[in-house]
Amino acid sequence: KGEIFMDWKIVRECDDENGSPTEWSCELAKGIFVWIDKISDTRFGVTTKAGGYDYLALCKSLVSAKRWVTKHANELCK
């Protein structure tokens, strides 16, 4: 099965006042992006809408949010 390589980038313009990341982006396929927003220390939202709060999933950690994207990447690319 075709494994999609996830190249996550920190969206630096969304860093908090301490310079800590609060948003990550990944281009799953040509022109198809997904973002992970840090909502709190224990809540991360996955969305396909830039600047949107219409979350496809809410996860307890950044690692689990990235895992959710990997698991659902083929569906997100349709």
* To do: Can you spot which of L56, V34, D37 makes a side-chain contact (heavy atoms from CB on, under 4.5 Å) with T47?
  => D37
* Structure fact -> Heavy-atom nearest pair, R12 first then G19, reads NH1-O, 3.7 Å
* Structure fact -> Of all heavy-atom pairs linking A65 and F44, the shortest is CB-CB, 4.1 Å
* Structure fact -> For I32 and C77 the tightest heavy-atom approach is CD1-O, 3.4 Å
* To do: Would you indicate whether the side-chain heavy atoms of L62 and W24 approach each other to under 4.5 Å?
  => yes
* Asked: Quick check: does any side chain N or O of T70 sit under 3.5 Å from a backbone N or O of K66, one acting as donor and the other as acceptor?
  -> yes
* Structure fact -> In terms of heavy-atom contacts, G31 and E27 come closest through N-OE2, 2.8 Å
* Structure fact -> Taking every heavy atom of D15 against every heavy atom of P21, the minimum-distance pair comes out as OD1-CA, 3.4 Å
* Enter the distance from W35:CH2 to T48:OG1 here, rounded to the nearest 0.5 Å. => 7.5 Å
* To do: State the CZ-OG distance between R67 and S61, to the nearest 0.5 angstrom.
  => 6.5 Å
* Taking side chain as C-beta onward, heavy atoms only, is W8 less than 4.5 Å from I36? -> yes
* **Audit row: V69, L28, side-chain contact (heavy atoms from CB on, under 4.5 Å) steps and yes/no** => CA-CA 9 Å; V69 172; L28 298 179; 4.0 Å; yes
* Asked: If only atom types and distance count, is the side chain of D16 paired as donor or acceptor with the main-chain N or O of N18 below 3.5 Å?
  -> yes
* Asked: With a 4.5 Å heavy-atom cut-off, do R43 and L58 have their side chains touching?
  -> yes
